[in-house]
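When a ligand or atom number is given, it counts from 1 through the structure's own listing order. These values consider heavy atoms only, across backbone and side chains, with no hydrogens, waters or symmetry-generated copies.
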Amino acid sequence: MAEREKILEVRDLSISFKTTAGNVNAIRGVNLDLYRGETVAIVGESGSGKSVTAKAAMGILAKNGQVNSGSIKFTYTREDGEKVSCDILKMQKKEIREHINGKRIAMVFQDPMTSLNPLMTIGKQIMEGMIWHYKTPKEEAYKKAVKLLELVGITDAEKRMKNYPHQLSGGMRQRVVIAIALACNPELLICDEPTTALDVTIQAKILELIRNIQKKTGISVIYITHDLGVVAKVADYVNVMYAGKIVEKGSIDEIFYDPKHPYTWGLLSAMPDLNTADSRLFTIPGSPPNLQKPVCGDAFAPRNKYALKIDSRVEPPMFKISDSHFAATWLLHPLAPKVEMPEELKKRIIRMKEEAAV
Ligand SMILES: Nc1ncnc2c1ncn2[C@@H]1O[C@H](COP(=O)(O)OP(=O)(O)OP(=O)(O)O)[C@@H](O)[C@H]1O
Ligand SMILES: [Mg+2]
């Protein structure tokens with residue numbers, strides 16, 4: 001196997017937001033790696049810090065946001081073929097706009113309407129970035145835009161070039177947003193809940209599209225979702241986030257078949273299961289901590305029925321399970337009592353394995 005090349009390396013990232021009610025410590029020491037041509041998912045409950053992490057990597061933090069520590073090293077290939085590394089957090093806004101945003105890192109958001117200009121034809125919107133970033137001649141940009149529309153599965157591409165966003169369905173609009181994102185051949189695509197606003201069938205098609213594009217173009221992808229159910233369809237690796245930290249990371253198989261963190265157990269148990277008659281969905285009891293206050297020990301402890309005494313005092317480190325699998329829970333300490341995942345989840349994992357084997 002060829003050596004994996006790291007494209008993004010986030011280290012010890014801490015971000016807080018100033019609000020009238022005080023400082024919100026939204027990101028509390030995130031480490032994340034992404035290799036070229038691979039897809040990592042970031043999953044976690046609402047408010048866990050997924051979008052803030054992604055926005056930091058794009059250099060588009062909100063004005064009241066403040067980076068307290070860390071680095072975001074991004075390695076890209078310059079036009080002359082040279083590999084260049086930069087720390088997004090050390091760059092000027094202008095530099096990011098000119099060299100990174102939309103050019104080498106592109107982002108797809110949940111609601112396509114927020115990223116589309118209602119007053120401009122979709123053709124113009126796809127061509128815009130190429131003309132601005134690369135001074136691509138108009139005719140060439142037009143041809144490429146048509147090709148991109150075809151790539152994202154829009155039929156009658158030439159005709160569609162003249163359409164305005166409101167003339168398209170929600171699923172089509174999201175395809176257009178993906179075409180715009182791909183227009184400048186970015187090396188990293190960040191998708192933040194790109195299918196949440198779409199219905200289930202369209203959602204599946206968009207997921208398939210992202211996966212296909214990834215395979216075809218070799219682009220690296222960060223896929224953000226609160227729904228573990230979609231993760232296995234798009235990602236190679238998973239980062240599970242809670243209260244501004246990554247608490248478990250591993251390959252798809254490690255997270256789905258051998259999860260170690262009780263929070264991951266909760267997320268897996270909360271996935272809708274089409275195969276059981278029981279339609280009552282499990283939800284993790286309680287709610288996330290208030291990040292305006294300092295967190296003492298393991299942030300998940302108050303909601304964790306397997307919590308140990310030490311959890312309320314000392315934050316667990318990332319324990320290593322394999323070269324790619326890590327989890328921050330004291331349950332993995334050699335001296336911790338043996339605790340197994342809930343019976344229900346065990347059965348469910350056996351079912352998932354059986355389904356995957358078919
Ligand atoms: N501009 C801001 N000002 C104040 N607090 C903010 C700001 N942006 C984000 N936060 C806070 O940071 C935390 C993380 O937010 P983030 O948007 O990253 O969550 P998320 O995991 O993307 O959630 P969701 O699944 O709902 O999109 C939350 O507590 C949120 O309230
Ligand atoms: Mg979000």
Check the pair Arg4 / Glu38 against salt bridge (charged side-chain N to carboxylate O under 4.0 Å, His left out), numbers first and verdict last. CA-CA 9 Å; Arg4 293 156 87 208; Glu38 297 185 350; 2.9 Å; yes
Assigning hydrophobic clusters by single linkage (Ile, Leu, Val, Met, Phe, Trp, Tyr; side-chain heavy-atom cutoff under 4.5 Å), is Trp132 placed with Ile180? no
Using the rule given for side chain to side chain donor-acceptor pair (under 3.5 Å), can you reason through Tyr223 versus Glu193, listing the C-alpha separation, both sets of side-chain angles and the distance that settles it, and then say yes or no? CA-CA 7 Å; Tyr223 193 95; Glu193 308 258 10; over 6 Å; no
For the residue pair His333 and Trp330, does the interplanar ring angle fall in the parallel (under 30°), tilted (30 to 60°) or perpendicular (over 60°) class? tilted
Whether Ser46 has an N, O or S atom under 2.8 Å from the Mg ion (ligand 2): no
Expected contact list for ligand 1 at under 4.0 angstrom, heavy-atom basis, is Phe17, Thr19, Ala26, Glu45, Ser46, Gly47, Ser48, Gly49, Lys50, Ser51, Val52, Ala62, Asn64, Glu193
Answer yes or no on whether Lys103 is positioned over the face of Tyr76, meaning its NZ or CZ is under 6.0 Å from the six-membered ring centre and within 45° of the axis. no
Identify whether the distance between the nearest side-chain nitrogen and carboxylate oxygen of Arg211 and Asp236 falls below 4.0 Å. yes
